[in-house]
Every structure is written in C-alpha cells, then in structure tokens.
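What you see is a predicted model, and the numbers here were worked out from it, not measured in a lab. A note on names: the letters A, B, ... follow the listed sequences, proteins ahead of strands, and every chain is numbered from 1. What's counted below: heavy atoms across the whole structure, side chains too, no hydrogens, waters or symmetry copies.
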Amino acid sequence: MPDDQQPDAPDSSRPDTARADASATASGRARTLPGTGVPDKPSLEGLEERWTGSWAQWGTYRFDRSRPRAEVFSIDTPPPTVSGSLHVGHVFSYTQTDALARFQRMRGKTVFYPIGWDDNGLPTERRVQHYFGVRCDPSVSYDPDFSPPPEPPGTPLAISRPNFVELCRRLTAEDEGVFEQMFRRLGLSVDWSTRYTTVSAGAQRASQRAFLRLAARGAAYRQEAPTLWDVDFASSVAQAELEDREIAGAYHRLRFDRSDGGAVEIETTRPELLAACVALVAHPDDERYRPLVGTTVRTPLFGVEVPVHAHALADPEKGSGIAMVCTFGDLTDVTWWRELKLATRTIVGRHGRLEPVRFGSPGWESADAGRAQAHYDQLAGLTVRQAQRRSVELLGESGDLVGQPRPVTHPVKFYEKGERPLEIVSSRQWYVATVALRDRLLELGRELDWHPGFMRQRYESWVDGLTGDWNISRQRFFGIPFPVWYRLDAEGRPDEDTPLFAAERDLPVDPSVDVPAGYSADQRDAPGGFTGDPDVMDTWATSSLTPQIAGGWEEDPDLFARVFPMDLRPQAHEIIRTWLFSSVVRSELEHGCLPWRAAAISGWILDPDRKKMSKSKGNVVVPTALLDTHGTDAVRYWACSARLGVDTIFDEQQMKIGRRLAIKILQATKFAVSRLEQDEPTGDGAGTAAAGDDGAAGPADHQSGGDQSGGDVRHPVDAAMLARLATVVTEATEALDAFEHARALERTEQFFWSFCDDYLELVKGRAYGMSTGSTSARTALERALDVMLRLFAPFLPFAAEEAWSWWHDGSVHSAAWPSPGELEPTMPAPPETLDVLGEVLREVRRAKTVAKRSMRWPVERVEVRAPARVLELVELGRADLADATNAAVIELRAHDGELGVTVELGDG
RNA sequence: GGGCGCUUAGCUCAGUUGGUCAGAGCAGCUCGCUUACAACGAGCAGGUCGUCGGUUCGAGUCCGGCAGCGCCCA
C-alpha cells in the first residue's frame, strides 16, 4: 500500500550477535582459507544478520512490476493478527509458504509476496483495554492532550472513541514491529516494500468502496433481525464466529394451562425466558400433541395466551417432546419464529439483563396483567443467570414447576472469543447476501485447486450449512466504519431506510467526523440533520479483501492486472469458513471469479498432548528462543518437513536435525570448493594431467541456468552421481509444483546425505590428487553442490546462500532453479553404480567397526562376489573403492546371487 | 447426528498409480579424534504397518465393518 510504504533499508541497527572472532574482518566475515572465499571454520552463527542485510540491500525479493502476468507468481499472504500471540505456529506456516515463494522465484517468476498486518477488531481492542487500563466510551469527547496513565488504573478509564483508536494504532504499531523483526529473522522472502495494514487508509478505501458497490446493487443491505449477540462485548457476531461448548444446565418441567382446562408440560433449559414465550411446537407426527395443535395454551406466571404449532424441527425425543418457543432462546427459535410467523416478545437486552416490559400493553396481553407484572418486576434488571434462579423460585411457589430440575449437559453457542453464552437480540445490521450465492460458491469451491484436496470438504460443509446472510456490522470502535449517514427527522429520529452513502472519491470517510454531502457539521445529531452510522465492519469484511487491498484494486490498475487473481492463498484450516470463504464471496460479488487459483492449507502445531497450541491453553512455544538456540535454517527445516494440511506435533528434535543438515551443507561445500581451487591456473603445472583443464569449472554464474553440462566429467563414478542427482532434481521440481515442499526437501536431503557418506568418501582421494580423474571429481563435486545448494535454497536459505557465496557472485535466491538438463552426462553411467559401491563401502566399514578399528585401518583384501552385471559397476569404481577403504587388493568374483563382501583387515 | 483426517520401530514421521515397502531420523547399545565435518562420524539392534473381513497370483498400499484419537459441520 502506498500509504504504508517505508524505505526498505538493511537493518544495521541490530547488534551483531555473531561470535566475537578476533580474526573477523570488518565486514563480519571470518578468516578464510588461503586463496579462497571459504571460511576456515564455517559456522551458522551470524548468517541471519549478514544475509538478511544483503538481501535487503540487493533487493533480492523485490517484485518486478514491469513483468507480464504470465511471469508473476502472486501470493495472498495471511496478515497475522498482530495483537495475538506470536508463536511457533506462525513460523511453521509462513515458512512453508516462503519455501514455495522461493521456488517460484528461482523458476523465473517475479514473486508478488506482500505482507500485511491485521490490526482490526476485537483482539486489538481487548489488548488496548488491558494494556492501558482504559475503555472506550463514545459519549466522551475527544481530548487532544490525552495520554494514558503510566500504570493501568484499577477501574478502567473511560476515554473517547478517537482517543481509544489512537491507542489502538499506537499499540499495533509496536506489535507490528515485533512481528516484522521475527519474520525478517525467519528469512521470509516477502517484499517489505509492499506491506499493508487492515486499518490503513488504503484498506479502508478498499473496504468502503467494496461495501458501497455491494450496497448500490442491493447485495449489501441493512435489516432489523434477530442477531447473535455477545453481551460482554455488546456486539453482534457472525455465524462464522460461533463455537459450540458443552455446558451444564438443567431441564425444567413447566406446566402450561390448556384452554380446555387441562395442562401440558414442556421442558426447557431456559425458564427465565418464559415471559418471551410466543408458542409451543411439537412434531407433526407426534400423536401425543396432535390434538393440541391449533389451540392455544396459557403461560405460567404471566398468563399469556400462546398458540401451539407443529413443526418438523421439534424433536419428540427431547424433553417432553413439546418445546417452548421464545424470542429468542436459540437459533431454532429464530427458525420457528420466522417460519411460523410468530409474535415477537423480546426481554433480554444488549447487556444480558432482562429489560422492563409492561404487561397489558399491546403485544403483552395477559389474562391477569397485574399478576404477570408482579412476577416480571422481580426479574427485570437481573442478568440472565439471576433471572433463571428467581424464575425457578417463582415457578416453584406458583406450583407450575413440575418435579425437580433435571441436570443435563448440552451444547450452547458461544462467540469464539466470548465467555458467556450468546443471546439473540433483535437489532439492525448490515448484511452481505451469501445464501442466494450458495450454488455458485460451491462451484467456485470445486474450481479452486486445494492442497491438500480434502480440505475442500470443510468449505463445502460450511457453505451447505449457511443459515443466513453474512452480518458484517459490529458494535465496536476500532475498525473500519460504514461510509453511511442517516437523515434525522424533525423529532431527531433517524431514517434508517434511506441511508446517505458517501461518494467513492471521498473515501475513506469516518461518518462520526465527516459530514454527508449537503449537510454541515453543526447539523450532526440535530433534528432535521443527520447522524453517522455508529457501527464498524466485521474484521472479515476487510480481511476478505486482502487480494484487492494488496493488489492495488482500483488504485493501481496496472499492478492489479498483473497480480489478480492471485496464484496462491496460503492459510490455516480453521479459518476456511471465515477468511477463505469470505474472500471467495467478495471476489465473486466484485469480480465474478475466484480470488486465487490455488489454496495451500497448513496444519496446526500441536503440543506433545496433541492439543492445539494457543495462548489460552498456555502451551504456546515462543519462536525467538528456538531461533536463538537452533538457528533459522534449523527451525525452517522443521517447518518444511511437514506436509500441508497435516497437524504436526511440536518437536525440537527435528530442529537439531535441521541444524546438523545446515552445518553439513557448509562443510561439504567447503570441501568441494577448496578442492576446486586446485584447478585454478596457478602456473605450477598442476593441470598437466588433465589436458584442456583450464579452470572452466571455476566460478560460474548460473543466472541463466547451467551451460557447462558435463564439461570435464570423465569418470563413470562421477557421471553416475550426477545422473542420480538429475532424477532428484526432477522429483523435487515435480513435488514443489504440486505444493509438496516436504517431499522435495526429503528427496534432496536423502540424496545429499548419501552424497556425503558414499560419493564424497569414494572420490576424496581423487579430488585431492592431480590427474584427469581428479579434475573430473572436482568438477562433479562442484557441479553437484552447485545444484544441491539451489535445491536447498528454498528451505535453508541462509546456509545455502553462505555456501553459494564462496564461489559465486550474486544470490543463490536469484539463481535459476536447477534442471535435469544441466546435469546431462557426457558419458554413459548407470546411476545404480553408486548404490553398489555404497553397499561395498558399508560392508568394509562394518568389518572395521566390528573389529573395533578406525575407518582408516588398512585392509589386506576385499572380495566382492556378485553377478557379472553388478561386478561391472563395481569395476567402474574399483580404484575409488580401494582408496576409500584403504584396501590393498579388491577382488571381484562372478557369482549368481546376492552381493557378498568379504573383508580381510590388515595388521595396522 | 453427518463428514473429513489420522492410527507404520520406544518417539517424531516417510512410504505418489497394489509387485525388493517393511524405511528415515531421534532416543538406546557398540565403536571410532579419519587433513570437509567430534555440537562429528561409523555400525548394531528395533515393527505380525490399529482390528476384523473382502478383492487379487500378490495388500501399510484398494474396498467394507469395527475401535481409538483429532478436527469440521449440524
């Protein structure tokens, strides 16, 4: 976002925590081997600082907006909720995405990889309240000189909405700094010059513009309706924000009088809502109650006449089989109320207390209004809980409570961030039409390329289960306001039905500050004047537009055309019903298409008890300590080892393995590159044994891919190794194309270890020497490492970059992704050669280990028995084998059967 | 209640279209300072692939039932 743009400078302010090596040069580089760029003692310490700085300086990850759409890979990065806890789950999923981004970049795409911060919404408000000890009171007027108390006071300080929003912005700015530092340290290759926040002016314009367009088409509308309501937050919440929790309650059996003089008993867990009862319902097939349907009964305590209806949703098995419908006890009540066109008698207010009502007035008719009022007056003003207790007492006294309450545990709807069961109140909210889109949304869900594929089920079951349109209004303070005002009539009553909308060119607007066209500021809240819409948008109403916000929708059409629809939406699975779903809705409504081609759904990090890590559970692992202990590459290795969509148990052991791998990469490269130097033209005649060996295998720039295929590889063992590596390149490429980063890493790693354990040991002797075979070995080593570093680069960017820098200019992350073509052998060499040689090598090692000898211990004689076809392969590496095992004689004996090896150790 | 996923060595996990697929790493045990690597390396041992049944010449691999765990939805 232009308005958030910041200079992208290398972070030089951070103290260098790298080892204080007395020999370190001014640039922070350690002492190197003579005549080479290879450090004497390669180390992971300090790599993060060094390379993070260089990448920023070089602009390695900058998006090139001059490239056409076909050469762009665009990512709809999840903006983390900055006021939430920063934990190892972030590291996990963001690293997986980064690996894909780096792969695409190396494949030649320019990667649009923006970063955003979600500072909208309740989490921020809540954190500000706790952090500063304040609460927002819209009736307080703005204090320009306000500063928060140094210590949070015991009772929260009421402050104005603008002051509150200022504090929100101040705190989120701090939080964003913490996230940015961590993400940079993690080596995320995001383009730090394209960052946005969900409360920025750009995001506000996008949200308000999108809203205005929906409203103009009627796809967004305002309606008075029963609304899920959190009494503590005093705000409505959406279906997507619900969760069921099992809580303890009790069935209360209540007696209703029938008009024929008899009685009917119902069971309810919410006797406090009796005054809000508007009907009874039984299942149409339920013989017990069929005679009652169509008649009326009279409520206990209040003597209100209510009808008895039949409805399929009534469960004959539940309680007495006939239910009391209240406005509103739960979502089923809403359904009954709507479908059976029942009366409305709401009693629960927005703060969760029973509101006063007047029995005998219209809508509250009673057979005995005085008695009803006397009862109700004992409930009015009480909380729902208190009212329940009192109601039970009253029902007991009147004799309408049958038996004792029967304890049950039942699922109750909660706001996912809330602490008390939701109430349903009638209120006026803005809605986005989603239900009418259901079929199209399902179609889009099938169009999207899901990784893993089964995650689509979550989307489908959510879309299938939509019960109503999407409520996007929230009665909160820190969020994006609706660009809407209402006219006030002569009595000061708002005209809710014909809102005044802002013009797109004026966005963003804040209706509590800005004035609608044709009005002046002094008409605010005055009769005949106007009033601003007091609500803000649901956080998802903004987050659902991240592709549009980051892509410069309507503000930078050139950019937008190059990045939208995006290539990838990475995200976690629990927000499929919110973020993914709402993004699809918005894109469909605005653009008529999916917002991205593919979705990569990451799993969760579980603690050792297989519980999801979350702040509330107190089992969160903070990533900074992990990065300190193991290093970034090690932590990234752990993250990249897990497949998409798979919940993974947090395991620090994996990081140790990753660290070992990173060190090994440095060590192996050090060996290869320092051998390489022997081929440098030094004028000592070293190259005489290798005619035409003029050092062409020296520093080479692979920006345009390998162009030196097989130049000096003339030894079959070397050629076989490169042939095997070519298949690894193919596999890794296919895996990454299919978003299978873990497989790509695993294949590469597996090859690398066998390369180190077997190949390196086999050719070590040759690599040290000065012969044609030596040049071949050194060339093959160089070429293999050159390819492997590029294969590792997406996963272990720091170690790969460090090792790469020893004999390349430029970043490995700008280098071309390897292709099997650049490893095309110049001579035929069966790839199985290495497997066979490795097998023999292991047999000799085993013999030495069993004899408790060192690996250098001399061997008198090795006898290899195998079919002739296999022996041919052994023959290819016979000299290397002798060298690596320190064997005097290697005999090959043809033999039909398994490979057999006999080892006779020397005397030492 | 409907759906999805998982169940492979003590632990964490690989095992693409059924045919050396019974694997890796860690932990354990035994060795070894070898000029890339001792914050390392080499080697050993470890599982009737949850369970029952089916398809097949052949099943961790496909199908069905069951059990346990986790999640999504109602």
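- Candidate nucleotides B:rU34, B:rC13, B:rG41 were compared by shortest atom distance to the side chain of A:Trp753, and B:rG41 ranks first.
- Atom pair A:Ile649:CD1 and B:rG70:C1' shows a separation of 11 Å (rounding to whole Å applied).
- The interatomic distance linking A:Asp464 (CG) with B:rG2 (P) rounds to 16 Å, in whole Å.
- For the ring-ring contact (aromatic ring centres under 6.0 Å, His included) test, residues two or more places apart in sequence or in another chain that qualify with A:His90 are A:His87, A:Phe179.
- The glycosidic torsion of B:rG50 lies more than 90° away from 0, which places this base in the anti conformation.
- Out of B:rG32, B:rA74, B:rC37, the shortest distance to the side chain of A:Lys764 is found at B:rC37.
- Taking the centre and axis of the six-membered ring of A:Trp470, the NZ or CZ atom of A:Arg577 falls outside the cone set by 45° and 6.0 Å.
- Going from the P atom of B:rU16 to that of B:rG23 covers 15 Å, rounded to whole Å.
- Of all nucleotides listed (B:rA14, B:rA74, B:rG32), B:rG32 comes nearest to the side chain of A:Ser854.
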Enumerate all atom pairs, one protein N or O and one N or O from nucleotides 24-27 of chain B, separated by less than 3.5 Å.
| from | atom 1 | to | atom 2 | distance (Å) |
| --- | --- | --- | --- | --- |
| B:rC26 | OP1 | A:Arg660 | NH1 | 3.4 |
| B:rC26 | O2' | A:Gln653 | OE1 | 3.4 |
| B:rC26 | O2' | A:Gln653 | NE2 | 3.3 |

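- We find the OG1-CH2 distance between A:Thr332 and A:Trp337 to be 14.5 Å, quoted to the nearest 0.5 Å.
- With no hydrogens or angles considered, no side-chain donor-acceptor pair links A:Glu243 and A:Tyr415 at under 3.5 Å.
- A:Arg846 places its CZ atom 7 Å from the P atom of B:rG43, with the value rounded to the nearest Å.
- Between A:His451 and A:Phe739, the ring-plane angle classifies as tilted under the 30° and 60° cut-offs.
- The aromatic rings of A:Trp804 and A:Trp807 sit tilted relative to each other, their planes meeting at an angle between 30° and 60°.
- In terms of polar N and O atoms assigned as donor or acceptor, the side chain of A:Arg747 comes within less than 3.5 Å of the base of B:rU16 in a complementary pairing.
- Ranking B:rC71, B:rC4, B:rC73 by closeness to the A:Arg458 side chain, first place goes to B:rC71.
- Each of A:Glu746 and A:Cys756 was matched to the nucleotide of RNA chain B holding its nearest heavy atom; the match closer to the 5' end belongs to A:Glu746.
- The side chain of A:Lys664 lies closest to B:rC37, out of B:rA14, B:rC37, B:rG32.
- A:Asp628 CG: more than 12 foreign heavy atoms inside a 6.0 Å radius.
- OP1 or OP2 of B:rG15 lies within a sub-4.0 Å distance of a side-chain N or O belonging to A:Arg743.
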**OP:** Show the numbers, then the answer: is there a ring-ring contact (aromatic ring centres under 6.0 Å, His included) between A:Phe792 and A:Phe752?
**Re:** CA-CA 10 Å; A:Phe792 277 127; A:Phe752 174 71; 5.4 Å; yes
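- An anti base is found at B:rG28: its glycosidic angle is more than 90° from 0.
- In this structure, A:Tyr459 and A:Trp450 have tilted ring planes: the angle between them lies in the 30° to 60° band.
- Comparing B:rG25 with B:rC6, their P atoms sit 25 Å apart, to the nearest whole Å.
- For A:Asp647, whose side chain is taken as the heavy atoms from C-beta onward, the closest listed nucleotide among B:rU34, B:rG3, B:rG70 is B:rG70.
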**OP:** Both distances under 3.5 Å, Watson-Crick or G-U wobble: on that basis, could you give the dot-bracket string for RNA chain B, with [ ] for crossing pairs and | for other-strand partners?
**Re:** (((((((..((((.....[...)))).(((((.......))))).....(((((..]....)))))))))))).
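- In this entry the distance linking CZ of A:Arg456 with P of B:rG3 reads 16 Å, nearest Å.
- What separates CH2 of A:Trp604 from C1' of B:rC69 is a distance of 14 Å, to the nearest Å.
- Under 4.0 angstrom from either OP1 or OP2 of B:rA74 there lies at least one side-chain N or O belonging to A:Gln239.
- Between A:Ala799 and A:Leu44, the shortest heavy-atom distance links the atoms CB-CD2, 4.4 Å.
- What separates CZ of A:Phe454 from C1' of B:rG70 is a distance of 12 Å, to the nearest Å.
- Ring-plane geometry between A:Trp462 and A:Phe581 is classed as perpendicular, the angle between the planes exceeding 60 degrees on a 0 to 90 degree scale with a lower cut at 30.
- With B:rG43, B:rC4, B:rC37 as the candidates, the nucleotide lying closest to the side chain of A:Gln457 is B:rC4.
- Picking from B:rA39, B:rC31, B:rA14 the nucleotide with the shortest atom distance to the side chain of A:Arg643 gives B:rA14.
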